[in-house]
Amino acid sequence: MQYFEDIEVGRKQRFGRYEVTRDEVLAFAGKFDPQPFHLSDEAAAETHFGRLSASGWHTCAMTMSMVVENLKDNRQAGLGSPGIDELRWLRPVYPGDTLSCATEVLDKRVSRSRPEMGSFRSRMTVFNQHDQPVLSFISIGLVRTRPA
């Protein structure tokens, strides 16, 4: 189990593999982001995307799936997250792309009001199969301190 004290500022990690499928892009867009360029080849061809593209929010959901899968192998005394900062969609994600993640721990601090926990910030970058960044954000994680 990884506790707050085990988190090293500057630590980098690369993980995950997510294959983006056309069916998933259409299903997510149909339910959560029904814009034409996420639902129709013809409509997407008329935009700067050039072809059907995944919703940015779908890209975030695929990223979360890789994060949770990684946490199964690297157990952490996690307590959730109060949010993210600086979310950027850098490049379209298309059916057929394969995504992966890279993180770097930026900083950490013990809570002043809740000494049983701390927080840390990490830069998350998601890449496609060409190693091109498609998404970035700074995540804020809450984690337990080591029990006495």
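Being a predicted model, the structure only gives us computed values, none of them experimental. These values consider heavy atoms only, across backbone and side chains, with no hydrogens, waters or symmetry-generated copies.
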task = Inspect the surroundings of CZ in R17 and state if more than 12 heavy atoms from other residues, nucleotides or ligands are less than 6.0 Å away.
result = no
key: Any L26 side-chain heavy atom under 4.5 Å of L52 side chain   = yes
ask   = Is a donor on one side and an acceptor on the other found under 3.5 Å between the side chain of S81 and the backbone of G141?
value = no
note = Heavy atoms of F127 and P133 approach each other most closely as CD2-N, 3.6 Å
key: Non-hydrogen side-chain atoms of L99 and V20 separated by less than 4.5 Å   = yes
request  = Go through the structure and list residues passing ring pair (Phe, Tyr, Trp, His ring centres under 6.0 Å) with Y3, not counting sequence neighbours.
outcome  = none
I7 side chain near V105 side chain, heavy-atom distance below 4.5 Å = yes
task = Quick one: list whatever passes ring pair (Phe, Tyr, Trp, His ring centres under 6.0 Å) with F15, sequence neighbours left out.
result = none
key: Main-chain N/O of E116 paired to S111 side chain as donor or acceptor, under 3.5 Å   = no
ask   = Looking at side-chain heavy atoms only, is the closest gap between F137 and L135 below 4.5 Å?
value = yes
inquiry  = Keeping K108 on the side-chain end and F4 on the backbone end, is there a donor-acceptor pair under 3.5 Å?
reply    = yes
request  = Ignoring hydrogens and angles, tell me if any N or O in the side chain of Q76 forms a donor-acceptor pair with the backbone of Q2 under 3.5 Å.
outcome  = no
message = Donor-acceptor check, side chain of D97 to backbone of V93, threshold 3.5 angstrom: yes or no?
response = no
ask   = Does the side chain of N70 reach to within under 4.5 Å of the side chain of Q13, using non-hydrogen atoms?
value = yes
ask   = For residues 46-56, which residue pairs qualify under side chain to side chain donor-acceptor pair (under 3.5 Å), counting only residues two or more places apart or in two chains?
value = D33-S55
